[in-house]
Participant: 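Pasting a structure here, questions to come.
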Amino acid sequence: MSRIGKRPIPLPPKVAVSIVGQEVTVKGPKGELKRVLPNTVEILQEESNLIVNRANESRPAKQQHGLFRTLVANMVEGVSTGFQRKLEIQGVGYRANLNGSNIVLTVGYSHTVDIIPPVGVSLGVEDATGKKVPQGTFIVVEGIDKEIVGNLAAKIRAVRPPEVYKGKGIRYLGEFVRRKAGKTGKK
């Protein structure tokens, strides 16, 4: 039995779950998320817990058991507290500007790069102290769907990944970038 799959998912007080066939709808203070589960897993609600079980002992059912338990748990956490990813911009002249709900990145190219968030995701810019500002070096990606928040953060990081010689670029907050030694030159 999957160690992750057999754990129950506790429901916070303000979260409501409706299960119709294989479709799970989770509503909470932050919003609503839906997901259709495959026939290899089944979901049950017992009091204030959700339990994800395998429909049978086939190999696909065993493979998907823990995955879909985690996806449903992320839905519950997203509608109750939400998800957040922070990115840090390092480099002389590199910055992010807030333009409405979009972010404009100036990261060493001859042009600026516009980041337009998908529906349900908000972008913000912070300074080093964590205060919201219109222009800064920290980007905050917030939303209720963990997958969309993570994908948008990865796309922002891919605009200018950190390089290994000087460390310039966009990185996740707290990410360690291994540095290389440059050329030493002739003597």
Side-chain angles (χ1 to χ4, degrees), residues 4 12 15 24-36 63-64 66-187:
I4 294 171
V15 174
V24 179
T25 305
V26 182
K27 292 181 186 175
K30 297 258 183 187
E32 176 181 338
L33 291 173
K34 291 183 182 181
R35 182 176 294 275
V36 177
Q63 291 171 343
Q64 295 176 347
L67 168 71
F68 282 97
R69 185 260 176 217
T70 303
L71 292 176
V72 173
N74 286 341
M75 290 169 60
V76 171
E77 185 181 344
V79 298
S80 60
T81 59
F83 292 101
Q84 182 181 54
R85 286 300 297 225
K86 288 189 177 185
L87 297 116
E88 179 182 6
I89 302 173
Q90 288 189 353
V92 177
Y94 288 15
R95 65 184 174 276
N97 296 324
L98 194 60
N99 184 9
S101 63
N102 303 342
I103 284 187
V104 179
L105 298 174
T106 306
V107 285
Y109 295 124
S110 61
H111 54 28
T112 58
V113 180
D114 293 338
I115 304 294
I116 301 167
V119 176
V121 176
S122 64
L123 295 173
V125 178
E126 293 181 351
D127 60 1
T129 62
K131 193 172 97 178
K132 301 274 185 196
V133 291
Q135 176 179 328
T137 56
F138 291 89
I139 301 170
V140 180
V141 183
E142 293 178 314
I144 62 172
D145 193 340
K146 187 175 188 176
E147 184 179 355
I148 295 174
V149 169
N151 282 341
L152 183 60
K155 285 179 184 174
I156 293 172
R157 184 184 182 277
V159 169
R160 178 68 90 172
E163 58 101 17
V164 294
Y165 295 105
K166 293 183 180 176
K168 297 181 350 178
I170 302 172
R171 63 180 76 186
Y172 297 115
L173 189 64
E175 178 184 0
F176 176 75
V177 176
R178 189 176 198 137
R179 303 283 293 275
K180 284 184 169 181
K183 295 182 183 177
T184 56
K186 276 190 171 179
K187 289 187 179 184

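Just the heavy atoms: all of them, side chains too, but no hydrogens, waters or symmetry mates, feed the values below.
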Participant: Quick check: closest heavy atoms across Val15 and Ser80, and the distance to 0.1 Å?
Facilitator: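 Shortest heavy-atom separation between Val15 and Ser80 comes out as CG2-CB, 3.8 Å.
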Participant: Any chance you could measure Gln90, atom CD, to Thr137, atom OG1, to the nearest 0.5 Å?
Facilitator: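 OG1 of Thr137 is found 8.5 Å from CD of Gln90.
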Participant: side-chain contact (heavy atoms from CB on, under 4.5 Å) with Leu123: which of Leu152, Ile116, Asn99?
Facilitator: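 Result for side-chain contact (heavy atoms from CB on, under 4.5 Å) with Leu123: Leu152.
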Participant: Please assess Leu67 against Leu71 for the test side chain to side chain contact (heavy atoms under 4.5 Å, CB included), listing each intermediate value before the final yes or no.
Facilitator: CA-CA 6 Å; Leu67 168 71; Leu71 292 176; 4.1 Å; yes
Participant: Taking all heavy atoms of Lys30 and all of Thr81, pick out the closest pair and write down the distance.
Facilitator: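 Here Lys30 and Thr81 meet closest at CE-O, 3.4 Å.
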Participant: Just how far is it from atom OG1 of Thr25 to atom CD of Glu32, taken to the nearest 0.5 Å?
Facilitator: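 Separation between the atoms: 6.0 Å.
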Participant: Give the C-alpha distance, both sets of side-chain angles, the deciding distance and a yes or no for side chain to side chain contact (heavy atoms under 4.5 Å, CB included) between Thr112 and Val104.
Facilitator: CA-CA 6 Å; Thr112 58; Val104 179; 3.6 Å; yes
Participant: Judged by atom type as modelled, is there a donor-acceptor pair below 3.5 Å linking the side chain of Arg179 to the main-chain atoms of Tyr165?
Facilitator: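 Yes, because the side chain of Arg179 sits within donor-acceptor range (under 3.5 Å) of the backbone of Tyr165.
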Participant: Side chains of Pro161 and Ile170, heavy atoms from C-beta outward: is any pair under 4.5 Å?
Facilitator: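 Side chain of Pro161 against side chain of Ile170, heavy atoms only: no contact under 4.5 Å found.
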Participant: Which heavy atom of Val133 sits nearest to which heavy atom of Glu126, and what is that distance?
Facilitator: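 That closest heavy-atom pairing would be CG2-C, 3.7 Å.
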Participant: I need the Arg35 CZ to Leu33 CG distance, nearest 0.5 Å.
Facilitator: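 Between Arg35 CZ and Leu33 CG, I get 8.5 Å after rounding to 0.5 Å.
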Participant: Give the intermediate values and the outcome of side chain to side chain contact (heavy atoms under 4.5 Å, CB included) for residues Tyr109 and Val159.
Facilitator: CA-CA 10 Å; Tyr109 295 124; Val159 169; 4.1 Å; yes
Participant: Measuring from Asn97:CG to Thr106:OG1, what's the distance to the nearest 0.5 Å?
Facilitator: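 Those atoms lie 5.5 Å apart.
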Participant: For the atom pair CZ (Phe83) and CG (Asp145), what is the distance rounded to the nearest 0.5 Å?
Facilitator: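 Reported to 0.5 Å precision, the distance equals 8.0 Å.
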Participant: If you take all heavy atoms of Gly66 and Ile4, which pair is closest and at what distance?
Facilitator: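 Closest approach of Gly66 to Ile4: O-CG2, 4.0 Å.
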Participant: Minimum heavy-atom separation for Met75 and Val26, please, with both atom names.
Facilitator: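 What the structure gives for the nearest pair is CE-CG2, 3.7 Å.
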Participant: Within a reach of under 6.0 Å around NZ of Lys34, are more than 12 heavy atoms found that belong to other residues, nucleotides or ligands?
Facilitator: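 No, NZ of Lys34 has 12 or fewer neighbouring heavy atoms, counting only those of other groups under 6.0 Å.
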Participant: Is Glu175 paired with Arg157 through a side-chain N to carboxylate O contact shorter than 4.0 Å?
Facilitator: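 Between Glu175 and Arg157 there is a salt bridge, with a charged N closer than 4.0 Å to a carboxylate O.
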Participant: Can you find a pair of side-chain heavy atoms, one from Val140 and one from Gln84, that are under 4.5 Å apart?
Facilitator: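 Counting from C-beta outward, Val140 and Gln84 do come under 4.5 Å.
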Participant: How far apart are the C-alpha atoms of Lys146 and Glu77, what are their side-chain angles, what is the distance that settles it, and do they pass the salt bridge (charged side-chain N to carboxylate O under 4.0 Å, His left out) test?
Facilitator: CA-CA 9 Å; Lys146 187 175 188 176; Glu77 185 181 344; 5.9 Å; no
Participant: Can you see which heavy atom on Ile89 is nearest to which on Ala96, and at what distance?
Facilitator: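 For Ile89 and Ala96, the tightest heavy-atom pair comes out as CD1-CB, 3.8 Å.
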Participant: Can you list the steps and then say if Val141 with Val121 is a side chain to side chain contact (heavy atoms under 4.5 Å, CB included)?
Facilitator: CA-CA 7 Å; Val141 183; Val121 176; 3.7 Å; yes
Participant: Find the distance between CD1 (Ile139) and CD1 (Ile103) and round it off to the nearest 0.5 Å.
Facilitator: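 CD1 of Ile103 is found 5.0 Å from CD1 of Ile139.
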Participant: Has Arg85 got a side-chain atom pairing as donor or acceptor with Ala153's backbone, closer than 3.5 angstrom?
Facilitator: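 No.
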Participant: For the pair Arg95 (side chain) and Gly93 (backbone), establish whether a donor and an acceptor sit closer than 3.5 Å, ignoring hydrogens and angles.
Facilitator: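 Here the side-chain-to-backbone pair exists.
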